[in-house]
Amino acid sequence: SQQGEEDPQALSIQEGENATMNCSYKTSINNLQWYRQNSGRGLVHLILIRSNEREKHSGRLRVTLDTSKKSSSLLITASRAADTASYFCATDAGYGNKLVFGAGTILRVKS
Amino acid sequence: GAVVSQHPSRVICKSGTSVKIECRSLDFQATTMFWYRQFPKKSLMLMATSNEGSKATYEQGVEKDKFLINHASLTLSTLTVTSAHPEDSSFYICSASPSGILDEQYFGPGTRLTVT
């Protein structure tokens with residue numbers, strides 16, 4: 001079952017602006033991951049954050065995790081038109097390496 | 001990096017026929033592979049977990065006789081959609097987890113199935 005809820009469902013911003021996407025989940029987790037999907041394509045792994053971590057950076061990406069609120073956020077700084085894609089969070093939900101995906105946020109970066 | 005391929009990338013078949021989709025890990029061995037289904041503008045729904053040398057584990061609501069999964073080697077899993085119907089039209093994505101590394105999954109590019 002899908003346990004992740006993402007918000008917003010869709011986000012449209014101008015190039016150069018920052019984009020923030022949020023994800024909430026319901027059960028305990030070992031880790032949470034963010035993925036990107038270009039239209040009609042497979043998923044690209046962006047970043048993994050473990051339950052004992054609060055923040056992680058990778059290039060223009062910053063991910064936070066608040067296990068007390070069961071939520072995570074993905075921040076993309078200085079967005080580019082090429083960042084236009086769908087972004088999904090996924091949790092292991094304690095099922096070993098089975099992933100449960102959130103509903104996703106469709107990001108559109110206008111140039 | 002780890003690469004997973006799927007074949008075919010697109011397939012159109014007639015109602016009542018069966019279609020096989022292959023998922024291969026190209027540069028690593030994968031004890032476990034996963035099959036997902038994705039509807040337009042929706043998220044990925046896990047269909048089944050495929051373990052090399054054993055029967056697949058299906059998620060609730062997924063018909064195992066409809067979606068046959070075979071994981072015959074450490075680099076290949078196949079999903080066969082039997083007696084396909086238009087409602088089976090979807091984007092099917094596989095992922096592979098390197099043996100012994102539970103945190104990592106690498107996704108294939110997906111297969112677009114259209115049943116006419």
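By convention in this document, chain letters (A, B, ...) are assigned in the order of the sequence lines, proteins followed by strands, and residues within each chain are numbered from 1.
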Which bit of B:Q6 is near chain A, if near means a heavy-atom gap under 4.5 Å: side chain, backbone, both or neither? neither
Any side-chain donor paired with an acceptor under 3.5 Å for A:T64 and A:S73? yes
Who passes salt bridge (charged side-chain N to carboxylate O under 4.0 Å, His left out) against B:R37, sequence neighbours left out? none
Is any residue of residues 41-59 of chain A within less than 4.5 Å of chain B by heavy atoms, and which ones?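 Only A:R41, A:G42, A:L43, A:L48, A:R50 of residues 41-59 of chain A have a heavy atom under 4.5 Å from chain B.
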Apply side chain to side chain contact (heavy atoms under 4.5 Å, CB included) to the pair A:W34 and A:C23, showing each step before the final yes or no. CA-CA 10 Å; A:W34 284 91; A:C23 164; 3.7 Å; yes
Measuring from B:Q29:CD to B:L74:CG, what's the distance to the nearest 0.5 Å?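 Reported to 0.5 Å precision, the distance equals 4.5 Å.
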I need the minimum non-hydrogen distance between B:S50 and B:A56, along with the two atoms involved.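 Closest pair (atom of B:S50, atom of B:A56, distance): CA-CB, 4.3 Å.
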Under 3.5 Å donor-acceptor, B:D27 side chain and B:V3 backbone: yes
Among residues at least two apart in sequence or on other chains, which ones pass ring pair (Phe, Tyr, Trp, His ring centres under 6.0 Å) with B:F34? none
Consider only side-chain heavy atoms of I, L, V, M, F, W and Y, link residues closer than 4.5 Å, and tell whether B:I21 and B:I69 are in one cluster. yes
For chain A, find its close neighbours in residues 60-67 of chain B: heavy-atom separation under 4.5 Å, sorted by number, or none. none
Heavy-atom proximity to chain B below 4.5 Å, by part of A:Q37: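 The side chain, not the backbone.
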Would you indicate whether the side-chain heavy atoms of B:C94 and B:V4 approach each other to under 4.5 Å?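 Side-chain contact under 4.5 Å: yes.
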4.5 Å side-chain heavy-atom contact, A:S86 and A:I106: yes
